[in-house]
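What follows is one structure encoded as structure tokens, with my remarks underneath.
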Amino acid sequence: MFRYIEKEARDSITAALEKLGIKVPPEIKLEEPPNPQLGDLASTVSFELAGKLRRAPIEITADIMSVIETPEIFETIESKGPYINFFVDYGRFSSRLLESIQDDYGSHPPRDERVILEHTSANPNGPLHIGHIRNAIIGDSLARILRMAGYDVETQYYVNDMGRQIAMIVWGLLNLDGDLEDYPGDKMDHRVGKLYFEVNQRLKENPGIRDEVDELIRKYEAGENEELFRKVVEYCLSGMEETMKRLHVHHDRFVWEGQFVRDGTVDRVIESLRKTGYTGENDVLYLDLEEFGLEKELVLTRSDGTSLYSTRDIAYHLQKSEEGDVIIDVLGSDHKLAAEQVGIAVELLGGKRPEVIFYEFITLPEGSMSTRRGVFISVDELMDEAHSRALHEVKKRRDLPDDVADDIAESIGNGAIRYYIARLSPEKHIVFRWDDALSFERGCASIQYAHARACKLLEKASFTGEEDIEDGWKPEGDERELVRLLARFPVVVEESALARRVHPVAQYAQDLANTFNSFYRSTPVIGSDFEGARLRLVDSVRKTLRNALNLLGIHAPETM
RNA sequence: GCCCUGAUAGUGUAGCGGAUAUCACGUAGGACUGCGGAUCCUAUUACCCGGGUUCAAGUCCCGGUCAGGGCACCA
């Protein structure tokens, strides 16, 4: 409906300009005025035309106003200075909007564009920690947004099963006492993390271990110890998957990088790169990208002939190029240089250059995290803490059976975490503080509460969905603002998908909840003259809040 | 040293070159609590510095300052 009123506004201006014999600019600019006294849409065409016509904007506006015809969806068109302001007829508009809102509100028709979206892809050398969480939450939310916007999306987790880090864990298994089960921790990924930490300690004391690890890598690329490597990775990954499941983060496919070495793809990639003429060789084979503005050459193979992460990544990206129309990667900004090198290499070989979404780091107040040094807060810890704090809040307010309270607490805890990350633009550096991440007084819990409140109201009124919208219903004030915001939701989805951004959805959910709460205070629903219309409105808010939260991977409980 | 990214109220944050800069927390008042108070209303305080482009700059360009990151035969 929002797009519809934009179109009506543009059409009316176009018609007016044609009537005046003025050449119509390619795009008629519209914006949303800063306050309701200035209407619902405003156009700045006169500013733009002023330069070309050598006339004052205000005069051009006056001319347009003299001939413009008001489309039926608008009540009036007025000029405020040089602006042309459109005022929506909220009686007509609101009814039409409510008729159009279904369960899947916000969804766009299929776009016939396949997106391969890689995210999380943390190394299986320990549990996910809060440094990884940003990748997972941005990636998963973006996948949901793209799907709602009509894209065909496949999410992939790229599993590093052959890097030095994994080889170190295998070394530990071969050389230290005890099997993985003997390491402390409830979850498999935590045990692997402990072992990894242990091996790092040994390595510090005895640098000679490094050669042994190199030997393991070499042998593995030649096909030895395959089961052992696989076992370690699967073991760790299964623990990580549990965590992601609890966070509501989903991947359609796990792609193991080792496959690209074993099936010869990496060798073929290296051969093809040689043929491009951009490679050079001393002890190692490298790619010289100076011509593309990158001073640092990209090393493709170690001196012992084994491959490197980036080399395998090139092979992986060529595969993704085959699978999708649009390739999106979510990466920490520390990968900027490497990603640029890989992107250029992929293009050299005729693949599609990925769009990369970079995010800045999450650090602890005392500094950065490190799996190697054992300094991190795991996502499991974070979620447990979120749950127990949320449970405390739930119990403080209401007396509920334990299992119900538990479910609600889980939704609220998860919501707090996901919202904490999703609401920020990715280029902001985050310093993690427990009380910021887990605040229930406001933030996500208040959005979930607005949803629960809507549910309760509908239940109380025995809402069926068949209620009629009364004649003469014409929203004003808070109610009008609520209608306006509802109409915007599909636009927010579309724009977020196009910009590959998640946080506008988070902001929108907050705005909608706030506006609904104000409306709830100021406007009676049950027993009012417009009970039918308002119940339909509340139901529409309910659906929209639920769908918006769902885009962020957050569950909206019906009671809390 | 070179490269990338940030800088907006006490704190955290949004902002397509356009009319009075968003939201949240905090603080201080207040409301109502008969559709659930995890509520509502009011007040409060901000675009790092210096140049430039433009009818119009928080937004674009150049130069500083501060902060984070990168510049591996790690990933």
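Because the structure is a prediction, the values reported are computed rather than measured. Protein chains get the first letters and strands the later ones, always in sequence-line order, with residue 1 at the start of each.
G37(B) is unpaired under the Watson-Crick or G-U wobble criterion, no partner having all donor-acceptor distances under 3.5 Å. Searching all strands for a Watson-Crick or G-U wobble partner of C32(B) with both distances below 3.5 Å returns nothing. When Watson-Crick and G-U wobble pairs are counted only if both distances are under 3.5 Å, A21(B) pairs with no nucleotide at all. For G63(B), the paired nucleotide is C49(B), the pair qualifying as Watson-Crick or G-U wobble because both relevant distances are below 3.5 Å. The pairing partner recorded for G58(B) is none, the criterion being a Watson-Crick or G-U wobble arrangement whose two distances lie under 3.5 angstrom. Both distances falling under 3.5 Å, in either a Watson-Crick or a G-U wobble arrangement, occur for no nucleotide opposite C16(B). Checking C71(B) for Watson-Crick or G-U wobble geometry (two distances, each under 3.5 Å) identifies G1(B) as its partner. When both distances must be under 3.5 Å, the Watson-Crick or G-U wobble mate of A43(B) is U27(B).
Out of U20(B), C73(B), G70(B), the shortest distance to the side chain of Ser303(A) is found at C73(B). Listed nucleotides A24(B), C71(B), G36(B) differ in distance to Arg398(A); the shortest reach to its side chain belongs to G36(B). When distances run from any side-chain atom of Tyr449(A) to the nucleotides A75(B), G37(B), A14(B), the shortest one goes to G37(B). Among A75(B), G36(B), A19(B), the nucleotide with an atom closest to any side-chain atom of Tyr520(A) is G36(B). For Thr559(A), the side-chain atoms get nearest to G36(B) when compared with the rest of C40(B), A19(B), G36(B). Among the nucleotides C35(B), C16(B), G69(B), the one closest to any side-chain atom of Glu31(A) is C16(B).
Along RNA chain B, the nucleotide nearest to Ile412(A) and the one nearest to Leu424(A) differ in position, and the one closer to the 5' end is contacted by Leu424(A).
Not a single donor-acceptor pair, N or O on each side, falls under 3.5 Å between the base of A24(B) and the side chain of Asp511(A). For C40(B), the base has no donor-acceptor partner in the side chain of Asn517(A) [N/O atoms by modelled type, under 3.5 angstrom].
Nucleotides C61(B) and A14(B) are separated by 24 Å at their C1' atoms, to the nearest Å. Atom name C1', nucleotides U20(B) and C47(B): the rounded distance is 15 Å, in whole Å. If you take atom C1' in U11(B) and the same atom in G1(B), they sit 35 Å apart, rounded to whole Å.
At A38(B), none of the side-chain N or O atoms of Lys396(A) fall inside 4.0 Å of OP1 or OP2 (strictly under the cut-off). Listed pair Arg453(A) / G37(B) meets the phosphate criterion, a side-chain N or O lying under 4.0 Å from OP1 or OP2.
Arg55(A) and Asp63(A) are joined by a salt bridge, as a carboxylate oxygen and a charged side-chain nitrogen come within less than 4.0 angstrom of each other. Between Lys296(A) and Glu340(A) there is no salt bridge, since none of the side-chain N atoms of the basic residue sits less than 4.0 Å from a carboxylate O of the acidic one. Salt-bridge annotation for Glu479(A) and Arg484(A): absent, with no side-chain N of the basic residue lying under 4.0 Å from a carboxylate O of the acidic one. Note on Asp435(A) versus Arg389(A): salt bridge recorded, some NZ/NE/NH1/NH2 to OD/OE distance being below 4.0 Å.
Within 6.0 Å of CD on Glu295(A) lie no more than 12 heavy atoms contributed by other residues, nucleotides or ligands.
There is no side-chain donor-acceptor pair under 3.5 Å between Ser462(A) and Glu459(A).
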